[in-house]
Number of protein chains: 2
Amino acid sequence: MKKPVPTLAEVAKVAGVSQMTASRAINNRSGVSKEKREDIQRIADEMGYVVNRAAQRLSGGRTRVIGVMAQLHTTFTAELVLGAGGAARAAGYEMLVYSLPDNDRRPPGSVVDLLRQIADGVIALLPYESDYLETLSAAHLPVITVDYRGEESPFPSVASDSYEGGRTAVRHLAELGHRRIAHITGNERLASARDRRRAYLDTMAQLGLAIDPAQIATGDFSQRSGFEAANRLLALNPRPTAIFAANDISALGAISAIRDAGLRVPEDLSVVGFDDIPVAAQLHPPLTTIRQPMQQMGRSAVNMLLALIVGLEAPSPRITLPTQLIVRGSTVPPTARLRS
Amino acid sequence: MKKPVPTLAEVAKVAGVSQMTASRAINNRSGVSKEKREDIQRIADEMGYVVNRAAQRLSGGRTRVIGVMAQLHTTFTAELVLGAGGAARAAGYEMLVYSLPDNDRRPPGSVVDLLRQIADGVIALLPYESDYLETLSAAHLPVITVDYRGEESPFPSVASDSYEGGRTAVRHLAELGHRRIAHITGNERLASARDRRRAYLDTMAQLGLAIDPAQIATGDFSQRSGFEAANRLLALNPRPTAIFAANDISALGAISAIRDAGLRVPEDLSVVGFDDIPVAAQLHPPLTTIRQPMQQMGRSAVNMLLALIVGLEAPSPRITLPTQLIVRGSTVPPTARLRS
DNA sequence: TTAATTGACGTTAGCGCTAACGTTATTATA
DNA sequence: TATAATAACGTTAGCGCTAACGTCAATTAA
């Protein structure tokens, strides 16, 4: 009770070895005989020993903690963090998350320094409008980014296959018989948004469908931008019969706008989203969407980061995970009346 | 470049003072003259000095970091964390979040120890089925809980006024003319769920409305439980004309069940939720609900924790924040046909 | 006038750990 | 048999910081 957490020195004393040997045994380093190692580990367990990561880090060692910096209030990041946490724990690591503020005025340095002080590496889910990249690379610590401005970034990254996913979405609408297919874009500072837009353009062209610039409405992945973009699309004449939104949240906003205009989904307009966030299946109608393997992305990010930390193998600079079309109720063939 | 982050010793040398004086100046402790303090702080800024919290903690000092342990994948916790982060930063603190796993098999000790090693205190948003309370109190560090099993917990806590909120919800439905009002409960290990249930019972009684035990369907705050609970309620004869669900997510599930049964919201059944999560306003119909000040709860939790850490004033054992009825489209008077 | 108090510093020691370099016994190699 | 290489440890030093206790002057109280 007086000493809830014993120190390494105490464990070593009980085990009758030097502190360094105890350290080696507990961290599974070489230089200890098998019997002594097991002996020490058993004693440490019995004593309820827990390493002090602060001390570990201070003395220049690995802490087996990974840091995450993310804006937590989107479902996407929440799911990703969930997957990452599981993978980290499975690998014997702990994970701490720094919740990035919405409007980021403060010097990003302190955050990076904070994480560096306790973590062996960082997974960065960065807001669009930040200058964290420079700070991160100045910090000289292992970093993996998720879906962040592909080419500009010096870090390995994980993403889902936005291009193929976008193509699948457009093809799905075309196969239902839609010809006037509109697109609501995401924030084009993200490679994923650019890829989805490119997929839209390419696929429309390949299918021989007319590309009207007015049918491409700029958004930024937010609900509000989806709402506003859809309003612009609804004002077109002829009106699109289908919308491919860059993510589920903006699809949600688009559906609101459509309904507010007195139209119905999917009878008057079909809508496809991207992500497959948990609520997508619970809407009425449930949303047809392109599923991103969000938790898997988190797991992959952790594994790449661990490879970087251990330094054995150079991780591939970019991992792209496959997406999947989930057909639900928000897409149907256009009614005869709408086909012009 | 060689030394990206200078140490306190280097700052002290440049400023021409002892390391201890520099420490006092930077941490705004007494024992330094005003001029020297400002001098040192300026030099530290220019040199880009950042405290090493690991060292700070190791040597027994305050780190100005607070820890949060939470299951991040619910909107409620995400919003709360957002509010907490803002309040922490405003007070000059940093915040790190430990994302608790869903199914918690591992010894909770390591998490608590990890946080204790770097944080001055912890805000705990605990899963329903955990034994963290004992571990937390054994750790002897400042803890604030959010809405956790009120009486059992030895820690101060923050909650919203579930009882008043619940009364408001039921009164709202009654004022619209509903008489057969059902309730879908939350996980009753949480005080908030118990309070909402009690509010339902008390208010029904006070309004002179019949309480049929079959109209109280057990849920656990999850979408699935809301769906299943609503199915049980729909099988009743006579059917309820309104449902008060313990939270928005289970209200969502209930609405799915109602629709699957070929009925409409709000024409056939009115539904009230609790929380006012961001999607609530975007549903069709938008959800009438009791708004909890989620971000404010986070802010209050931080402020209570800081009071505990500084130890100046004993924080009140429990802070209860007011809720607010948000009337949207999911509640209307019962149609004449439904009034029996 | 002298002792007691206060403020502004500096010094010493140590938090718990690991890197780097010993030291010793054991084994492989010439 | 002598020598080098290896494995299994132990010792020393220090990571960056703060608590606790100096020291010394400038005040204040008696």
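Naming convention: chains lettered A, B, ... in sequence-line order (proteins, then strands); numbering from 1 in each chain.
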### Task
Return no unless some side-chain N or O of Thr7(A) is found under 4.0 Å from OP1 or OP2 of dG16(C).
no
### Query
Would you say Thr21(B)'s side chain and Val17(B)'s backbone share a donor-acceptor pair under 3.5 angstrom?
no
### Query
Within this structure, what is the NZ-to-P distance between Lys13(A) and dT11(D), rounded to whole angstrom?
14 Å
Are there any protein N/O atoms within less than 3.5 Å of an N/O atom in nucleotides 18-21 of chain C, and if so, which ones and at what distance?
unit_1: dT18(C); atom_1: OP1; unit_2: Asn27(A); atom_2: ND2; d: 2.9
unit_1: dT18(C); atom_1: OP1; unit_2: Gln56(A); atom_2: NE2; d: 3.1
unit_1: dT18(C); atom_1: OP2; unit_2: Ser23(A); atom_2: OG; d: 2.5
unit_1: dT18(C); atom_1: O4'; unit_2: Ser59(A); atom_2: OG; d: 2.6
unit_1: dA19(C); atom_1: OP1; unit_2: Arg29(A); atom_2: NH2; d: 2.7
unit_1: dA19(C); atom_1: OP2; unit_2: Arg29(A); atom_2: NH2; d: 3.4

#### Entry: Axis deviation across the helix from dT1(C)-dA30(D) to dA30(C)-dT1(D), five-pair ends, to the nearest 10°
30°
### Query
Over how many whole Å does the gap from Lys34(A) atom NZ to dA7(D) atom P extend?
17 Å
### Task
Provide, to the nearest angstrom, the distance between the CG atom belonging to Asp113(B) and the C1' atom belonging to dG16(C).
14 Å
### Task
For Arg116(A) and dC15(D), give me the distance from atom CZ to atom P, rounded to whole Å.
16 Å
### Glu94(A) (side chain) donor-acceptor with Arg64(A) (main chain) under 3.5 angstrom
no
### Side chains of Arg53(A) and Ile118(A) in contact at under 4.5 Å (non-hydrogen atoms)
no
### Message
In this structure, how many angstroms lie between the C1' atom of dA8(D) and the CD1 atom of Ile40(A), rounded?
### Response
11 Å
### Query
Reckon Lys36(B) has a side-chain N or O less than 4.0 Å from the OP1 or OP2 of dA8(C)?
no
### Side-chain donor-acceptor pair present, Glu10(B), Tyr49(B), cut-off under 3.5 Å
no
#### Entry: Backbone of Ile66(B) reached by a side-chain donor or acceptor of Asp120(B) within 3.5 Å
no
### Query
Between dG16(D) atom C1' and Arg53(B) atom CZ, what is the distance in whole Å?
14 Å
## Note on the structure
Whole-Å distance, Leu58(B) CG to dA13(C) P, equals 18 Å
### Task
Give the rounded distance in Å between these two atoms: CZ of Arg57(B) and C1' of dC17(D).
13 Å
### Task
Considering only NZ, NE, NH1 and NH2 on the basic side and carboxylate oxygens on the acidic side, decide whether Arg42(A) and Glu38(A) come within less than 4.0 Å.
no
### Message
Using modelled atom types and a 3.5 Å cut-off, is there a donor and acceptor pairing between side-chain atoms of Asn27(A) and backbone atoms of Arg29(A)?
### Response
no
### Task
Name all residues meeting the side chain to side chain donor-acceptor pair (under 3.5 Å) criterion together with Glu35(A); count only those two or more places apart in sequence or in a different chain, and write none if there are none.
none
### Arg299(B)-Gln296(B) side chain donor-acceptor pair, cut-off 3.5 Å
yes
